[in-house]
Amino acid sequence: MPELPEVETIKRGLELVLPGKTIEGVDINYAGSIKAPSCEEFARQLPGLTFTGAGRRGKYLLLCLDDNSLLVVHLRMTGRLFFCESEIETDKHIHLKIIFKDGSRLYFHDVRKFGTIWWLPVSRACEIRGLAALGPEPLSADFDVSYFNSKTDRRSTNIKALLLDQTFVAGLGNIYVDEALHKSGILPTRPAKSLTTPERKKLITSVQEVLLDAISWRGTTFNDYRDAAGMSGQFQNRLSVYQRHHKPCLSCGTFICRTVVAGRGTHFCPSCQS
DNA sequence: AGCAGGACCTGATGGC
DNA sequence: TGCCATCAGGTCCTGC
């Protein structure tokens, strides 16, 4: 599941190879991936454009083109975006191929077909509703205790659901929410508004530390995630609770529990978290 | 308005 | 061994 650290890792990889690449042609194998414009328009208008850079907002990848437009990619659950110097073997899960003038290629691969791609002028990026509604970046100074307080006043939801809410904070998913809650010693079922000020501070710091650590290990790979060069991440070897149920907590030895919170598989230590 | 739950999708897994 | 049901999860949508 690509979350912020995985998307950031892909962005950093693409930043090294995409700028200066001019599109020669586009092969669309699954029309459902392209949300805007129409496939015909997409395939007709991209050739001739040159990539100038790459950015990220939450889990959205923003690839900049020289006509002041953006190729926006959301990988959802199983999407991969990777660059190759030459053609690779055909795979039924490759839904889009962008071929560059120098023979290199950018592939979009997605087993579950949830991933989505838009191409639009920078000025119209706000029309992508999920992108426009994103909360602050968790690694920015905007994500602080006063912001947390302002958003929890009238909400009765639990802290896990709040952290998964992309309009509250952008880029967290199931893995890093479980990890950050463990690191901060807070149970996922706690009502968000019940957190004390020290707990809020600790949680914000934990979210940031977990994300920075995961970025430094190039993300978490279970089955599907790969970076822009097709490589796995390594953070799965550093996880404290996610997918570790029935294994001992690395801090206290108590067995990690699994339950469902906010409709998601949820992992926690019943001793370290309260 | 806020929240829960279903839909989307397909490979992996578990039970019979 | 093989078939079928269930599960995984990010976001959008619907309904309470």
Side-chain angles (χ1 to χ4, degrees), chain A residues 1-8 10 29-36 56-62 72-81 91-96 108-118 125-135 137-138 148-181 188-194 207 211 214 219-226 232-233 235-236 239 241-246 256-268:
Chain A
M1 301 136 267
E3 304 181 26
L4 189 153
E6 290 75 31
V7 179
E8 178 66 24
I10 293 169
N29 296 316
Y30 175 61
S33 298
I34 313 289
K35 293 301 169 189
R56 178 193 60 75
R57 179 78 175 90
K59 300 172 197 170
Y60 290 82
L61 262 171
L62 312 172
V72 180
V73 181
H74 196 305
L75 300 170
R76 312 273 171 174
M77 314 289 303
T78 54
R80 300 180 189 176
L81 197 62
D91 176 328
K92 66 174 178 174
H93 302 304
I94 291 173
H95 305 317
L96 173 68
F108 173 66
H109 178 285
D110 189 9
V111 170
R112 288 188 205 166
K113 298 181 173 173
F114 279 12
T116 42
I117 297 172
W118 300 259
C126 56
E127 291 175 17
I128 301 173
R129 196 158 15 138
L131 180 60
L134 288 176
E137 285 291 320
F148 191 107
N149 295 345
S150 73
K151 287 290 181 179
T152 47
D153 275 357
R154 290 183 231 156
R155 299 187 66 163
S156 61
T157 192
N158 61 60
I159 187 60
K160 170 140 184 175
L162 184 70
L163 292 173
L164 286 172
D165 180 352
Q166 302 297 298
T167 70
F168 173 69
V169 63
L172 294 179
N174 206 33
I175 297 173
Y176 298 109
V177 166
D178 279 8
E179 292 297 309
L181 285 169
T189 47
R190 282 274 298 282
K193 62 166 78 163
S194 77
V207 164
L211 291 176
T220 302
T221 296
F222 279 108
N223 299 311
D224 296 289
Y225 164 71
R226 296 293 185 278
S232 299
F235 195 69
Q236 63 278 9
L239 295 170
V241 284
Y242 188 79
Q243 291 288 310
R244 293 198 65 250
H245 44 295
H246 308 319
I256 299 298
C257 295
R258 183 186 184 280
T259 180
V260 174
V261 180
R264 297 285 174 263
T266 297
H267 313 76
F268 64 97

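In the text below, chain A, chain B and the rest are named by the order of the sequence lines, each starting its count at 1.
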What nucleic acid atoms does Tyr176(A) come within less than 4.0 Å of, heavy atoms only: base, sugar-phosphate, or nothing? nothing
Side-chain heavy atoms of Arg56(A) within contact of Leu4(A), under 4.5 Å: yes
Determine the contact category for Arg76(A): base if any of its heavy atoms lies under 4.0 Å from a base atom, sugar-phosphate if only primed atoms, P, OP1 or OP2 are that close, otherwise nothing. sugar-phosphate
Going 5' to 3' along DNA chain C, which nucleotides are the first and last within contact of chain A (any atom under 4.0 Å from a heavy atom)? dA8(C) to dC13(C)
Where does the chain A footprint on DNA chain B start and end, counting 5' to 3' with a 4.0 Å heavy-atom cut-off? dC3(B) to dG11(B)
Taking the side chain as everything from C-beta on, heavy atoms only, tell me whether Tyr242(A) gets closer than 4.5 Å to Thr220(A). no
5'-most contact on DNA chain B (nearest-nucleotide basis), Asp165(A) vs Arg264(A), goes to Asp165(A)
Check: His246(A) side chain, Cys257(A) main-chain N or O, donor-acceptor pair, under 3.5 Å: no
Please report the closest heavy-atom contact between Gly265(A) and Asn174(A), naming both atoms and the distance. O-ND2, 2.9 Å
Check whether any side-chain N or O of Glu3(A) sits under 3.5 Å from a backbone N or O of Ile175(A) as a donor-acceptor pair, and report yes or no. yes
In plain terms, say whether Asp165(A) and Arg155(A) are close enough for a salt bridge, that is, a side-chain N and a carboxylate O under 4.0 Å apart. yes
Looking at residues 108-116 of chain A, who's got a heavy atom less than 4.0 Å off DNA chain B? Val111(A), Arg112(A), Lys113(A), Phe114(A)
Going by heavy atoms in the side chains, are Tyr30(A) and Leu96(A) under 4.5 Å from each other? no
Assign Gly263(A) to base, sugar-phosphate, or nothing according to its heavy-atom contacts below 4.0 angstrom with the strands shown. nothing
Regarding Thr78(A), tell me which of base, sugar-phosphate or nothing describes its non-hydrogen contacts under 4.0 Å with the strands shown. nothing
Are side-chain heavy atoms of His74(A) and Lys59(A) found at a separation under 4.5 Å? yes
Need one value for Lys35(A): base, sugar-phosphate or nothing, where a base atom within 4.0 Å counts as base even if backbone is also close, heavy atoms only. nothing
Flag, side chain of Gln243(A) to backbone of Val241(A), donor-acceptor distance under 3.5 Å: no
Any chance you could lay out the side chain to side chain donor-acceptor pair (under 3.5 Å) test for His109(A) and Asp91(A), step after step, and finish with the verdict? CA-CA 8 Å; His109(A) 178 285; Asp91(A) 176 328; 3.2 Å; yes
Could you tell me whether the side chain of Ile159(A) reaches within less than 4.5 Å of the side chain of Leu181(A), counting heavy atoms only? yes
